[in-house]
Amino acid sequence: MPLNISHPFQRNTIMQTLTILGSTGSIGVSTLDVVARHPDRFEIYALAGHRQIDKLAQQCAQHQPKIAIVANKDLALKLQLLIQHTSPDTQILYGEQALIDAATAPEVTGVMCAIVGAAGLPSALAAARHGKTIYLANKETLVVAGSLFMETVRKYGARVLPIDSEHNAIFQVLPQPYSGNLAKHGIQSIILTASGGPFLHTDIQQFPHITSEQAVKHPNWSMGKKISVDSATMMNKGLELIEAHWLFNCPPAQLEVVIHPQSVIHSMVRYADGSVLAQMGNPDMRTPIAYCLGLPERIESGVGALDFSQLNALTFSTPEKERYPCLYLAYQAMKDGGSSPCVLNAANEIAVAAFLQQHIRFTDIANVVRHCLEKHSQSSLHSIEQLWHIDQQTREQAQQYIQSIA
């Protein structure tokens, strides 16, 4: 069973002790906002903020975690000075092993995995090996290592709950308990909605001139720069297709994407009897976070009620291949399987970073990814070490290609 959840009618009265990996990002900030509304339900064991030590210091002062984690020793020393009076009992650690230790500590009942990119994979896998409840906001964990991660989850009895708004919406409208067999539940397909990003109506001829400042301005959601660019190219939706494939044991042919600019319907499930069930709400990540944290109950999230009187229209369209080549590259990588999604993700991370640094054009992001996929020799996956080797090879190849076209 891909998703292991508790019985929907059993009240959860146990205090949850949480590690939040990526606490200074948009998901982490939203998580702490929900947590702060329910001090009787949640306590913070560890916060990991990488390099944003000022924001992390503020979070430590408010939530008093046992552990705070940053990227390196120099940042750890700076954070120590910042919190020596406001959170003196917080132990400061640094590096990847510290993330793994915080995710696997015996006291921890749940881990919010919200580190962006492939860097979030080791700690998520470690949490799975220790049977933790994993609040999964790091889609690359499933994109890069879907089969290995889900196999680990099953082997060690971990519990995976999807935080991405689209997968959370699907989760909410699937029959519970969900067996992982679409046919058994009369499901024809799973439909992911996409806003279309900031360039939905931009003349395609202008795409080579799009700037990074324009690309990070998402019309509906507040997100980090990398994920905002992914939304603009719709690579983000492509990664979510692969994630849905693993989460819900859904064949590629039964996954759909539709553009829905209003971002009110977060995703849908199409049933054999002609019914389509959708989850709706204001575009605010606190809703899916609160849903998963509160299971099996619904808890207050701080998100305002959806006002139907203010909705002029709900519109839908099919994404154009010429406008969103990254989406179709991701779909092909999902169908190819094996190591292709790992290559897709690594190439995209390098390409987006180069675009944000103004080394390549917006349209070159897809070109970099396509180049790496075409050069890649397909292989089956057997270990995390093999994945890291492919990931590193792809990043080097992407860098070389970028130098050739910059």
ask   = Without hydrogens or angle criteria, can the side chains of N345 and K139 be said to hold a donor-acceptor pair below 3.5 Å?
value = no

task = Check whether any side-chain heavy atom of S147 lies under 4.5 Å from a side-chain heavy atom of W246, and answer yes or no.
result = yes

request  = Kindly say whether the aromatic ring centers of F362 and F199 come within a distance under 6.0 Å.
outcome  = yes

request  = State, with a plain yes or no, whether a side-chain heavy atom of Q188 is found less than 4.5 Å away from one of Q254.
outcome  = no

NZ/NE/NH1/NH2 to OD/OE distance under 4.0 Å, D74 and K78 = no

request  = Considering only NZ, NE, NH1 and NH2 on the basic side and carboxylate oxygens on the acidic side, decide whether E107 and K66 come within less than 4.0 Å.
outcome  = no

query = Are the side chains of I163 and C292 in touch, meaning some heavy atoms are under 4.5 Å apart?
reply = yes

message = Against L344, only a single residue in T394, D336, L373 fulfils side-chain contact (heavy atoms from CB on, under 4.5 Å); can you say which?
response = L373

request  = Could you go through the salt bridge (charged side-chain N to carboxylate O under 4.0 Å, His left out) check for E297 and R41 one step at a time?
outcome  = CA-CA 12 Å; E297 296 176 73; R41 288 176 173 267; 3.2 Å; yes

request  = Could you give me the CA-CA distance, side-chain angles and deciding distance for K237 and E166, then say whether salt bridge (charged side-chain N to carboxylate O under 4.0 Å, His left out) is met?
outcome  = CA-CA 9 Å; K237 203 57 49 180; E166 295 81 2; 2.7 Å; yes

task = Before accepting this row, confirm whether a basic side-chain N of the pair K226/E140 lies closer than 4.0 Å to the acidic partner's carboxylate O.
result = yes

request  = Find out whether I390 and H376 are in side-chain contact, i.e. whether some heavy atom of one side chain is under 4.5 Å from a heavy atom of the other.
outcome  = yes

task = Any chance you could lay out the side chain to side chain donor-acceptor pair (under 3.5 Å) test for N181 and N249, step after step, and finish with the verdict?
result = CA-CA 7 Å; N181 185 326; N249 195 32; over 6 Å; no

note = The side chain to side chain donor-acceptor pair (under 3.5 Å) partners of R370 (sequence neighbours excluded) come to N367

ask   = Any chance NE2 of H389 has more than 12 other-residue heavy atoms, nucleotides or ligands included, within less than 6.0 Å?
value = no

task = Test S165 against N168 for side chain to side chain donor-acceptor pair (under 3.5 Å), laying out the working first.
result = CA-CA 5 Å; S165 61; N168 187 270; over 6 Å; no

query = Can a donor-acceptor pair be found between the side chains of R286 and S30 at a distance below 3.5 Å?
reply = no

message = Quick check: do L136 and P162 have side-chain heavy atoms less than 4.5 Å from each other?
response = no

message = Just by distance, no angles: are the side chains of T315 and Q262 close enough, under 3.5 Å, to form a donor-acceptor pair?
response = yes

key: Within-4.5 Å side-chain heavy-atom neighbours: M15 and E43   = yes

message = Donor-acceptor pair, distance only, cut-off 3.5 Å: does the side chain of H38 make one with the backbone of F42?
response = no

Per-pair distances, 0.1 Å, donor-acceptor, side chain in residues 324-331, under 3.5 Å, sequence neighbours excluded:
residue : atom : partner : partner atom : Å
Y324    : OH   : G196    : O            : 2.7
Y328    : OH   : P319    : O            : 2.6
Y331    : OH   : P252    : O            : 2.6

inquiry  = Please evaluate residues H185 and Y178 with respect to the criterion ring-ring contact (aromatic ring centres under 6.0 Å, His included), reporting the C-alpha separation (whole Å), side-chain torsions for both, the decisive distance (0.1 Å), and the verdict.
reply    = CA-CA 8 Å; H185 297 290; Y178 174 60; 5.2 Å; yes

key: Residues D101 and Q97: side-chain donor-acceptor under 3.5 angstrom   = yes

task = Determine, step by step, whether Q378 and S339 satisfy the side chain to side chain donor-acceptor pair (under 3.5 Å) criterion, reporting the C-alpha distance in whole Å, the side-chain angles of both residues, the deciding distance to 0.1 Å, and the verdict.
result = CA-CA 6 Å; Q378 181 63 264; S339 50; 3.1 Å; yes

